[in-house]
Amino acid sequence: MSAAEFPATALPFDAEEILPRLMRWAACESPTFDAAAVNRMMDLAARDLALMGARIDRIPGRMGLGDCVRARFPHPAGDAAPGICVMAHLDTVHPVGTLAKLPVRREGNRCYGPGILDMKGGTVISVEAIRHILAAGMATKLPVTFLLTSDEEIGSPSTRDIIEAEAARNKYVLVPEPARPDGGVVTGRYAIARFNLKTTGRPSHAGARLAEGRSAIREMAKQILAIEEMTSEDCTFSVGVIHGGQWVNCVTTTCEAEALSMAKRQEDLDAGVARMLALRSTANDVQFEVTRGVTRPVWEPDVKGMALFAHARKIANSIGYDINPQSSGGGSDGNFTGAMGVTTLDGLGVQGAMAHTLEEHVLVDSLVPRARLMAGLLTSLD
């Protein structure tokens, strides 16, 4: 198979030009819960896209979270025509100050930085793809829109409506989340539910009157063990956040935690949700509450999605590598668009490892092949 079938894949991409742009984005820390920091990242991305000729719409944030940026590139078909939406998030899990522990740096074929893999790397190579297409005077068959969101790492509670509204206006959604470890892409994602947990006990002086108190932390500890022991092959349960207590000499009155459940099938997640909501306190003198948080629906592979994958695979083969389809755990905004029935392909970002840790990095030699794949998709989809 010849690359001549997809001329955009032969554009002069250069990892040594892409990498400085990616490092600049990674150096702009943007943790979800810091709206001002996320908005600084949105400013940076919006300026880069505006310089390329995109019309920028700034969508104000809500729920105390950051803004979104929508960038539409001019096209003869106009804004109303269904096109391609590149769906990406610019928030990260890394708090401001992470750069001190995880500085943006290159070490051989690895480049490290907070959020550099999840998912600024994939977003940057998507921007580079359209940059090279425009610079070459090439046309896309469909209008191209970038939607950059601010709260994906917490389940997109403030942006789901924007995501779904934008997806409904388009024919395809391309999600440059990180590639799978083998370089594969994502054609479906598991269902995910989040829960807020709260225990309430009775305070007392931990030194003088310990027996009079009822510890909210003790009750939460029991509940955490019970929750995580519910994990099975069909549905997993984990607790990842816990807050309780302020003074070590006080029996704690309240404790709060957050739990996550994941399943490959919607019916298994629904059963898991029912089990969580049915949990009760272990004693009459303490209280335990479970409230359901953000839920991502199952996105199951369908005929249209697999046809899009087959097209992407053909492009990758013409470049000289192969990609495999996978359903994946770990939610993305592709859960929403895929579950809507909008033709979606996810995992189109760069390769790397250790996302959400202080060893997060991308593989430099994946930048150009993945940018070529995105360019091929943007110019050939119709």
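For this chain, numbers begin at 1 and follow the sequence in order.
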- Do any N or O atoms from the side chain of S281 and from the backbone of Q287 form a donor-acceptor pair under 3.5 angstrom? no
- Do the side-chain N and O atoms of D365 and Q351 include a donor-acceptor pair separated by under 3.5 angstrom? no
- Audit row: R202, V251, side-chain contact (heavy atoms from CB on, under 4.5 Å) steps and yes/no: CA-CA 7 Å; R202 185 169 68 219; V251 173; over 6 Å; no
- Under 3.5 Å, side chain of H205 to main-chain N/O of A208, donor-acceptor pair present? yes
- Task: Given salt bridge (charged side-chain N to carboxylate O under 4.0 Å, His left out), test K198 with E219 step by step and report yes or no.
- Result: CA-CA 10 Å; K198 183 177 180 180; E219 175 65 16; over 6 Å; no
- Quick one: do the S150 and D91 side chains pair a donor with an acceptor below 3.5 Å? no
- Between R131 and E128, is the closest basic N to carboxylate O distance under 4.0 Å? yes
- Message: Looking at R40 and E29, would you say the former's side chain and the latter's main chain have a donor-acceptor pair under 3.5 Å?
- Response: no
- Query: Which heavy atom of R292 sits nearest a heavy atom of V273, and at what distance?
  - Reply: NH1-CG1, 3.6 Å
- Message: Let's go through H356 and E153 carefully: what are the C-alpha distance in whole Å and the side-chain angles of both, what is the deciding distance for side-chain contact (heavy atoms from CB on, under 4.5 Å) to 0.1 Å, and is it a yes or a no?
- Response: CA-CA 10 Å; H356 293 196; E153 293 293 3; 3.3 Å; yes
- Which pair of non-hydrogen atoms, one from L358 and one from L102, has the smallest distance, and what is that distance? O-CD1, 3.2 Å
- What is the ring orientation for Y112 with H361, classed by angle as parallel under 30°, tilted 30 to 60°, or perpendicular over 60°? tilted
- Residue among R296, H89, R160 satisfying side-chain hydrogen bond (donor to acceptor under 3.5 Å, both in side chains) with D333: R296
- Item | Ion pair E164/R169, N-O distance below 4.0 Å | no
- Message: With no hydrogens and no angle check, just 3.5 Å: does a side-chain donor-acceptor pair link K120 and S30?
- Response: yes
- Item | CA sep, side-chain torsions, deciding dist, call: R189, D346, salt bridge (charged side-chain N to carboxylate O under 4.0 Å, His left out) | CA-CA 9 Å; R189 284 193 184 267; D346 199 342; 2.7 Å; yes
- If every non-hydrogen atom of C255 is compared with every non-hydrogen atom of M220, which pair is closest and at what distance? O-CE, 3.3 Å
- Task: For T344 and V342, indicate whether the former's side chain and the latter's backbone hold a donor-acceptor pair under 3.5 Å.
- Result: yes
- Between H311 and F6, is the ring centre distance below 6.0 Å? yes
